[in-house]
Amino acid sequence: MNIDLKIYKLIKDSGIDFITSVPCLLLKDILKIIDDKEEILYLPVTREEEGVGIAAGAYLGGKKPAVLMQNSGLGNSINAIISLLQYYEIPVIFFISHRGEEEDPISAHVPMGKITETLLDDISMRFWNIYSNKDISNIKAAINYSNESNTSVAILLKQSLWSE
Amino acid sequence: MKRFDALKKIIDVIDDQFVVCNLGQTSNELYFLKDKPQNFYMMGSNGLSSSIALGIALTNPKLKVWCIDGGASLLMNLGSLSTISFANPLNLTLIVIDNGVYESTEDQKTHTNRKTKLDAIARATGFESIFVINNREDIVPTFMELGTGCHFILIKTEPENVDVPNISLSPKNIKTRFMDSISKCDN
């Protein structure tokens, strides 16, 4: 089974039943699977912060939501994560493709790529790094932690995951 | 018309249905006029009330969901209009009360004071059911007309705060009682 299908299955099996996203090249195959299978209520959005707001509404409405985005979108979402999700204690699972951590063919990804983990630390959001196929069970661990602590968590999907 | 007077009319129609209300004075006034567990008062994340309402509406298609947003708040999240039209929930009404200023920060003018027309933006993003209300007495008749669908209602008001207390509920309390109310519904 390829990596994208594996991640999809983990998402589905964890009970996540609502997803918003802004696309990233790294996430293209996962997003296609989500869109094609139509097992999860899925809504593409215009900007990541908006996606956080919609996910929060889905949680209030009784769903278990996730947001799929690139790490650049974390910058767009900080205020919503803190003053909406954390302030009201609304748990959302973030799947974040991590561009620009090291060298990146698009150098504009590097400034955000280098501070992504620090930024998550600064907003006290627990995160799990997924570098390769063998780390993939950490996705389950992250979601379990979110369920038990009722907090939002981030799953950082590293570029190396797709270059194995 | 003052926003306070508009809200008095609006709550008569909304009654005990679910509302997401924009932060600041709008939420304070709604809380003062008619607090109920079905009101979700925003306290931060300015601009996101229509997004939160969309999430609730999509996941509970049998519920009627209302959003009371402000003009400047909607300007912060115009993409939301596009996403709402794309999703086209038939149970969501977006009410935008526009007084043309940032009232909470001492009345700096917003862009709707010049050329921006929020109803025209709503139409261009795909909304088909759009109403613009300038007089208080038109609120109830317009609202009574609304059938199933995704509606955009722009209410133009004068900038004038009414002296009401701040909301005394904790954010967790606002969330919990709102979710308890939804879970009791046939949604």
Side-chain angles (χ1 to χ4, degrees), chain A residues 15-23 31 34-35 38-69 73-93 123 149-152, chain B residues 18-20 23 37-63 65 67 69 73 76-89 91-92 125 169-185 187:
Chain A
I16 288 170
D17 52 6
F18 187 91
I19 287 176
T20 64
S21 81
V22 175
L31 292 175
I34 293 167
D35 205 15
E38 297 185 347
E39 295 171 319
I40 296 172
L41 194 47
Y42 166 57
L43 183 62
V45 299
T46 64
R47 185 177 160 89
E48 296 81 359
E49 183 190 29
E50 185 205 358
V52 175
I54 298 167
Y59 176 79
L60 295 174
K63 294 281 181 184
K64 186 171 171 52
V67 176
L68 271 65
M69 66 186 190
L74 179 64
N76 290 344
S77 309
I78 294 289
N79 185 54
I81 291 171
I82 296 168
S83 66
L84 179 61
L85 301 186
Q86 295 182 354
Y87 190 64
Y88 287 91
E89 299 181 31
I90 294 173
V92 171
I93 313 286
I123 62 171
S149 63
N150 205 34
T151 57
S152 299
Chain B
F18 290 85
V19 186
V20 179
L23 81 180
Q38 295 87 347
N39 290 353
F40 185 82
Y41 305 107
M42 289 186 64
M43 294 178 155
S45 62
N46 197 2
L48 290 185
S49 52
S50 63
S51 302
I52 296 169
L54 174 60
I56 298 164
L58 283 177
T59 54
N60 294 272
K62 287 187 190 167
L63 292 185
V65 179
C67 172
D69 208 350
S73 301
M76 290 183 78
N77 188 14
L78 285 175
S80 179
L81 291 175
S82 173
T83 303
I84 292 171
S85 284
F86 177 84
N88 195 30
N91 58 337
L92 176 62
T125 57
L169 302 168
S170 73
K172 194 173 180 183
N173 188 359
I174 292 170
K175 176 194 75 168
T176 307
R177 59 184 208 153
F178 185 88
M179 291 180 73
D180 286 348
S181 306
I182 281 201
S183 66
K184 286 178 196 148
C185 292
N187 44 9

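Given the structure is predicted, the values throughout are model-derived calculations rather than measurements. Chain naming here is simple, since letters A, B, ... match the order of the sequence lines and numbering starts at 1 in each.
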| request: Between chain A and each of Gly44(B), Gly55(B), Ser49(B), Ser50(B), count heavy-atom pairs under 4.5 Å; write down the option with the most. | output: Gly55(B)
| remark: Answer key: most heavy-atom pairs under 4.5 Å with chain A among Val20(B), Ile56(B), Asn77(B) is Ile56(B)
| Engaged part of Pro65(A) at the chain B interface, taking heavy atoms whose separation is under 4.5 Å | neither
| message | Rounded at 0.5 Å granularity, tell me how far CZ in Arg47(A) sits from OG1 in Thr83(B). | response | 12.0 Å
| field | Phe86(B)/Leu43(A) under side-chain contact (heavy atoms from CB on, under 4.5 Å): CA gap, chis, key distance, verdict | value | CA-CA 9 Å; Phe86(B) 177 84; Leu43(A) 183 62; 3.7 Å; yes
| query | Residues two or more places apart in sequence or in another chain: which of them pass salt bridge (Lys or Arg N to Asp or Glu O under 4.0 Å) with Glu89(A)? | reply | Lys172(B)
| What residues, two or more places apart in sequence or in another chain, satisfy side chain to side chain donor-acceptor pair (under 3.5 Å) together with Glu48(A)? | Asn76(A)
| field | Rounded distance [0.5 Å steps], CG in Leu54(B) versus CD in Glu50(A) | value | 7.5 Å
| request: Go through the steps to decide whether Leu84(A) and Ile52(B) satisfy the test side-chain contact (heavy atoms from CB on, under 4.5 Å), and finish with yes or no. | output: CA-CA 10 Å; Leu84(A) 179 61; Ile52(B) 296 169; 3.8 Å; yes
| Atom group of Phe18(A) that falls short of 4.5 Å from chain B, counting heavy atoms | side chain
| Where on Leu60(A) is there a heavy atom nearer than 4.5 Å to chain B: the side chain, the backbone, both, or neither? | both
| message | Please identify, among Pro44(A), Ala55(A), Ala58(A), the residue contributing the most non-hydrogen atom pairs under 4.5 Å to chain B. | response | Ala58(A)
| task | Could you tell me the separation between the OG atom of Ser170(B) and the OH atom of Tyr88(A), rounded to the nearest 0.5 Å? | result | 9.5 Å
